[in-house]
Amino acid sequence: MASLIVSMDGAVVQEKVLVNERTTIGRRPFNDIILDNRAISGEHAVVIRSQHDHILEDLNSTNGTFVNGQPIRKHFLQDNDIIELVNCRIQYVRKLSAPKPAAPSDAEAQPLARAVLIIRSGASAGRELPLEKEATTLGKPGVQLAAILRRPDGYFLQHIEGEHPTTINGQPLGADLHPLSQGDMIGMASIQLEFSQHSGN
């Protein structure tokens, strides 16, 4: 279960467990997290649950939403990300449930193989993008945005936003997470990316 730890002027004032599909943040009293500061918009930002993950979206606020010091429009939250709204600091904490005990197997003993995306079109064709983060975002917010999630059981692709669907092997990607396999081709606008997973570390 994930939560948001809210601090004002250095003091923790609230911890909000993210149990709802949408958790709103802002100055108005109907928000899930209410921040009493005139510089914060009435409806400033929202955290949207996506499967077992969360996406932070700025709601066209006056003073903007920042994550780890960078302005964002939409951001796939990762454990310990720091969200900043004016003088308010919110830490995103993801508490993963402990796995059920199971008999060890050869597959479980092996660490997740490292993977890269190989750009197959455009001026950067041949360049490799390592998939080392918990979530790697692709595309441009407001135009077309997707994310590749690195999980203990593999890599998964998810479309986040955009009028043009993200494609996988030429087929439009739905709303659900799509497990990635060696050689899968991901389409983002006019760019084609090949998923490649190395057998070694």
Side-chain angles (χ1 to χ4, degrees), residues 1-98 129 131-151 156-166 172-178 188-189:
M1 187 67 71
S3 62
L4 297 176
I5 300 173
V6 185
S7 302
M8 298 286 282
D9 300 319
V12 175
V13 295
Q14 183 183 0
E15 179 172 358
K16 181 72 176 178
V17 179
L18 299 174
V19 294
N20 298 326
E21 293 291 331
R22 293 170 60 88
T23 300
T24 57
I25 306 169
R27 194 181 69 252
R28 296 183 189 275
F30 54 73
N31 286 288
D32 298 300
I33 295 176
I34 303 165
L35 303 175
D36 187 15
N37 184 319
R38 283 177 168 252
I40 289 174
S41 299
E43 299 172 68
H44 198 108
V46 62
V47 175
I48 302 166
R49 191 171 70 197
S50 174
Q51 302 285 338
H52 301 292
D53 299 283
H54 294 90
I55 298 167
L56 172 69
E57 180 177 358
D58 180 78
L59 297 175
N60 299 314
S61 63
T62 303
N63 291 308
T65 300
F66 294 76
V67 175
N68 303 326
Q70 299 297 316
I72 63 97
R73 184 180 179 278
K74 277 195 176 185
H75 175 80
F76 215 101
L77 287 167
Q78 300 183 53
D79 192 27
N80 291 319
D81 271 351
I82 301 297
I83 304 163
E84 295 163 296
L85 288 72
V86 191
N87 70 329
C88 177
R89 175 186 165 106
I90 304 173
Q91 182 180 12
Y92 173 77
V93 179
R94 195 164 79 176
K95 300 170 185 172
L96 298 175
S97 2
L129 306 174
L131 299 174
E132 297 171 343
K133 297 180 182 179
E134 183 181 305
T136 301
T137 52
L138 308 171
K140 184 178 179 181
V143 179
Q144 187 178 13
L145 196 63
I148 293 180
L149 310 180
R150 189 178 191 271
R151 299 276 179 76
F156 298 83
L157 176 66
Q158 183 167 37
H159 178 75
I160 299 175
E161 69 168 338
E163 292 182 9
H164 302 290
T166 303
L173 188 68
D176 295 333
L177 289 176
H178 182 90
M188 297 286 298

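Throughout, numbering of the chain's residues begins at 1 and tracks the sequence.
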Look up atom NE2 in His75 and atom CG in Leu145, then write down how far apart they are to the nearest 0.5 Å. 10.5 Å
What pairs with Glu57 under side chain to side chain donor-acceptor pair (under 3.5 Å), at least two apart in sequence or on another chain? none
Please answer whether the main-chain N or O of Pro165 pairs with a side-chain N or O of Gln144 as donor and acceptor at a distance below 3.5 Å. yes
Is Leu77 close to Val47 at the side-chain level, that is, under 4.5 Å between some pair of heavy atoms? yes
Looking only at heavy atoms, the pair that brings Asn31 and Gly42 closest together is ND2-O, 2.8 Å
Contacts of type side chain to side chain donor-acceptor pair (under 3.5 Å), residue Thr166, not counting sequence neighbours: His159
Contacts of type side-chain contact (heavy atoms from CB on, under 4.5 Å), residue Asp58, not counting sequence neighbours: His44, Ser61, Thr65
Residues at least two apart in sequence or cross-chain that pass side chain to side chain donor-acceptor pair (under 3.5 Å) with Asp79, listed by chain then number, are none
How long is the straight-line distance from CD of Gln14 back to CD1 of Ile5, given to the nearest 0.5 Å? 11.0 Å
Locate the shortest heavy-atom distance separating Ala146 from Leu157; write the atom from each residue and the value. CB-CD1, 4.3 Å
Side chain to side chain donor-acceptor pair (under 3.5 Å) with Ser3: of Lys16, Glu15, Gln91, only one passes, and it is Glu15
For His54, ring-ring contact (aromatic ring centres under 6.0 Å, His included) partners two or more places apart: Tyr92
Would you list the pairs meeting salt bridge (Lys or Arg N to Asp or Glu O under 4.0 Å) in which at least one residue belongs to residues 32-55, sequence neighbours left out? Glu21-Arg49, Asp53-Arg94, Asp53-Arg151
Asn63: which residues meet the side chain to side chain donor-acceptor pair (under 3.5 Å) condition with it, sequence neighbours left out? none
Got a second to check how far Ile25's CD1 is from Ile83's CD1, nearest 0.5 Å? 5.5 Å
Could you pull out the closest heavy-atom pair between Thr24 and Phe30, with the gap in Å? OG1-O, 4.3 Å
Mind checking the OG1-CG spacing from Thr136 to Leu131? Nearest 0.5 Å is all I need. 5.0 Å
Quick one: list whatever passes side-chain contact (heavy atoms from CB on, under 4.5 Å) with Arg22, sequence neighbours left out. Val46, Ile48
Heavy atoms only: give me the nearest Ala147-Phe76 pair and the separation to one decimal. CB-CD1, 3.7 Å
What heavy-atom pair brings Ile55 and Ser50 nearest, and what distance separates the two atoms? CD1-CB, 4.1 Å
Donor-acceptor pair, side chain of Gln78 and main chain of Ala135, under 3.5 angstrom: yes
Taking the side chain as everything from C-beta on, heavy atoms only, tell me whether Arg89 gets closer than 4.5 Å to Val6. no
Go through the structure and list residues passing side-chain contact (heavy atoms from CB on, under 4.5 Å) with Glu132, not counting sequence neighbours. Arg114, Pro130
With sequence neighbours left out, write down each residue that passes side-chain contact (heavy atoms from CB on, under 4.5 Å) with Asn60, or none if nothing qualifies. none
As an exercise, state the distance from OG1 of Thr137 to CD1 of Ile148, rounded to the nearest 0.5 Å. 10.0 Å
Evaluate whether atom CZ of Arg73 has more than 12 neighbouring non-hydrogen atoms of other residues, nucleotides or ligands under 6.0 angstrom away. yes
Nearest 0.5 angstrom please: Leu56 CG to Asp81 CG, how far? 9.0 Å
Considering all heavy atoms of both residues, which atom of Met1 and which atom of Leu18 are nearest to each other, and what is their separation? SD-O, 3.9 Å
My understanding is that only residues two or more places apart in sequence, or in another chain, count here; which of them pass salt bridge (Lys or Arg N to Asp or Glu O under 4.0 Å) with Glu84? none
Test side chain to side chain contact (heavy atoms under 4.5 Å, CB included) applied to Arg27 and Ile34, step by step: CA-CA 5 Å; Arg27 194 181 69 252; Ile34 303 165; over 6 Å; no
